[in-house]
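Letters A, B, ... mirror the listed sequences (proteins, then strands); counts begin at 1. Predicted, not measured: the structure shown is a model, and the values here were computed from it.
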2 protein chains.
Amino acid sequence: MRPNDLSEIHTLTLFKKMDENNFAAIIQAAYLQNFPAQVQLANEGDDADFLFFVIEGCVELFAAANGREATMAMVGPSESFILAAVLKDAPYLMSARTTEKSRVLMIPAQNIRDAFEKDEAFARTIILELAECYRTVIKDYKNLKLRTAVERLANRLLEFHCEQEETGVIELPYDKKRLAALLGMTPENLSRAFLTLKPYGVIVRGSKITLNDMKGLITLAKPNQLIDRHTK
Amino acid sequence: MRPNDLSEIHTLTLFKKMDENNFAAIIQAAYLQNFPAQVQLANEGDDADFLFFVIEGCVELFAAANGREATMAMVGPSESFILAAVLKDAPYLMSARTTEKSRVLMIPAQNIRDAFEKDEAFARTIILELAECYRTVIKDYKNLKLRTAVERLANRLLEFHCEQEETGVIELPYDKKRLAALLGMTPENLSRAFLTLKPYGVIVRGSKITLNDMKGLITLAKPNQLIDRHTK
DNA sequence: GAATTTAATTGATACAGATCAACCCACATG
DNA sequence: CATGTGGGTTGATCTGTATCAATTAAATTC
């Protein structure tokens with residue numbers, strides 16, 4: 001592991017306040033790996049062997065049952081995934097795959113559990129991280145239960161706009177197929193949802209989306225502090 | 001507070017391993033109250049003033065937006081709710097109301113946060129509780145995304161059957177309106193879903209449901225360890 | 001740069017579930 | 001005992017979204 005990587009990892013919220021020795025022990029046991037796109041990193045139902053962090057790239061969390069598949073979340077740089085399964089030493093509830101070339105930090109679950117036993121500050125940090133994860137899922141769940149497909153798309157566009165430069169033009173961070181799955185709809189429906197948003201100034205050209213009528217779009221989307229990340 | 005109540009509260013998973021003094025301090029500040037049905041205990045968007053435990057009865061967690069309302073979960077005896085908001089000192093993401101006459105323990109949020117700072121064992125217990133809550137929401141989310149309304153109903157019936165005596169007869173723990181909302185459908189649709197389940201031995205008489213063809217029902221429901229609580 | 005694959009769009013149709021309306025039933029209230 | 005009142009069922013209709021099929025566009029591979 002390069003010293004550069006190391007300092008970057010140390011700035012992850014989960015490790016910031018951790019005791020140096022315990023951090024060293026964790027890093028000792030960890031793997032930092034580059035994966036191409038479409039590599040499955042974890043499999044729903046398997047025991048939680050690793051805690052993962054996306055350092056660079058993007059990872060899709062998904063689940064399958066009854067011949068259907070659902071995208072649960074997209075994980076970006078500096079974010080961890082499947083922390084709860086690791087802590088409970090329980091099977092993963094979701095599978096994970098890279099959607100693009102990605103750098104991923106993998107920490108053996110046992111090391112995390114050991115550190116959590118030994119290191120009080122670490123335990124406290126985990127609580128806040130877990131609480132945040134919990135609230136994020138609740139928000140996603142509300143998003144799905146309380147909004148139509150078009151509303152979900154509109155809010156997601158506003159979120160992208162906020163995450164990016166707020167220049168009125170956004171670049172989709174993954175393909176439309178995945179975006180559709182994340183929003184809980186089919187790709188065909190996403191196309192039609194974009195058409196529905198055209199009167200609200202949403203111009204689509206490939207993965208570049210131009211927002212020409214923010215006010216109108218916001219009126220339609222009705223972003224909500226208790227559901228969306230992008231509202232301040 | 002009666003000594004009886006006190007010992008019951010002490011057996012709640014969250015308090016079992018807690019230091020006696022810290023437990024005493026929390027109990028000192030807590031309120032144990034009886035509420036009639038339909039009392040709103042918490043309001044989405046408000047700051048988290050209290051951590052709640054249902055001691056007896058039942059509480060509905062719900063959220064509203066865009067003129068719609070969605071039931072998120074039903075909380076039964078010995079279960080807590082809105083722990084994450086309390087720990088993060090953030091606004092509630094859900095509202096809560098009693099669905100029947102209920103005994104509810106209310107602990108001021110600040111006392112919980114204090115104890116969490118002081119008491120290491122308590123902090124560790126919280127982690128496991130939070131992780132469990134997180135996994136429960138993920139399961140609910142998967143349930144909604146991966147199953148049809150009829151499948152959700154079938155699995156919920158199996159869950160009730162498991163929670164109760166497994167005698168082949170179950171008693172709905174709350175009215176059908178609420179059950180429908182919890183399953184993400186309208187009451188009208190719930191009626192029809194019950195009709196769909198008739199060929200699978202599901203006989204409805206008021207709030208008493210008889211399951212005459214467990215095998216058939218299970219074949220239809222396809223219960224799944226990674227979604228349902230009732231599968232062992 | 002032609003060939004192949006994969007992603008995205010468009011149209012036609014099917015279906016699950018919502019909505020609206022009428023009605024029934026149980027039970028509480030004056 | 002008449003009268004609400006709210007929960008529940010049933011039927012008719014409507015709507016959002018999925019599905020299927022065909023086509024186009026864009027990205028990969030040779």
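- Both A:Thr186 and B:Asp175 sit near DNA chain D, but only B:Asp175 has its closest nucleotide nearer the 5' end.
- Distance B:Ile209 CD1 to D:dG8 C1': 12 Å, rounded to the nearest Å.
- A sub-4.0 Å separation between OP1 or OP2 of D:dG8 and a side-chain N or O of B:Lys176 is absent.
- B:Leu195 comes within 4.0 angstrom of the backbone, heavy atoms only, and of no base.
- Taking side-chain N and O atoms only, A:Asn189 has no distance below 4.0 Å to OP1 or OP2 of D:dT17.
- We find that B:Arg97 and B:Glu69 are joined by a salt bridge, their nearest charged nitrogen and carboxylate oxygen being less than 4.0 Å apart.
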Under 4.0 Å protein heavy-atom contacts per nucleotide of nucleotides 21-30 of chain D, with B for base, S for backbone only and - for none = ----------
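- Side-chain atoms of A:Arg192 and base atoms of C:dG11 include a donor and an acceptor less than 3.5 Å apart.
- Rounded to whole Å, atom P of C:dG17 lies 11 Å from atom CG of B:Leu153.
- Between the NZ atom of B:Lys177 and the P atom of C:dC25 there is a distance of 20 Å, rounded to whole Å.
- Salt bridge status for A:Glu8 with A:Arg103: absent, with no side-chain N to carboxylate O gap under 4.0 Å.
- Rounded to whole Å, the distance from CZ on B:Arg147 to C1' on C:dG17 is 18 Å.
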Could you go step by step and tell me if B:Glu60 and B:Lys177 meet the salt bridge (charged side-chain N to carboxylate O under 4.0 Å, His left out) rule?
-> CA-CA 12 Å; B:Glu60 176 185 15; B:Lys177 207 175 157 183; over 6 Å; no
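- A straight line from CG of B:Leu190 to C1' of C:dA16 spans 15 Å, rounded to a whole angstrom.
- Residues B:Asp140 and B:Arg229 are paired through a salt bridge, judged by an N-O separation under 4.0 Å between the basic side chain and the carboxylate.
- Following rounding to the nearest Å, A:Ile203 (CD1) and C:dT9 (P) show an atom-to-atom distance of 13 Å.
- One interatomic measurement links the two molecules: CE of A:Met185 to P of D:dT15, which rounds to 20 Å at whole-angstrom precision.
- A:Leu144 has its CG atom 11 Å from the P atom of D:dT17, to the nearest Å.
- Salt-bridge annotation for B:Glu44 and A:Lys142: present, with a side-chain N of the basic residue lying under 4.0 Å from a carboxylate O of the acidic one.
- Between B:Phe52 and B:Tyr92, the ring-plane angle classifies as tilted under the 30° and 60° cut-offs.
- Ring orientation note: the planes of A:Phe160 and A:Tyr174 are nearly perpendicular, at an angle over 60° on the 30°/60° scale.
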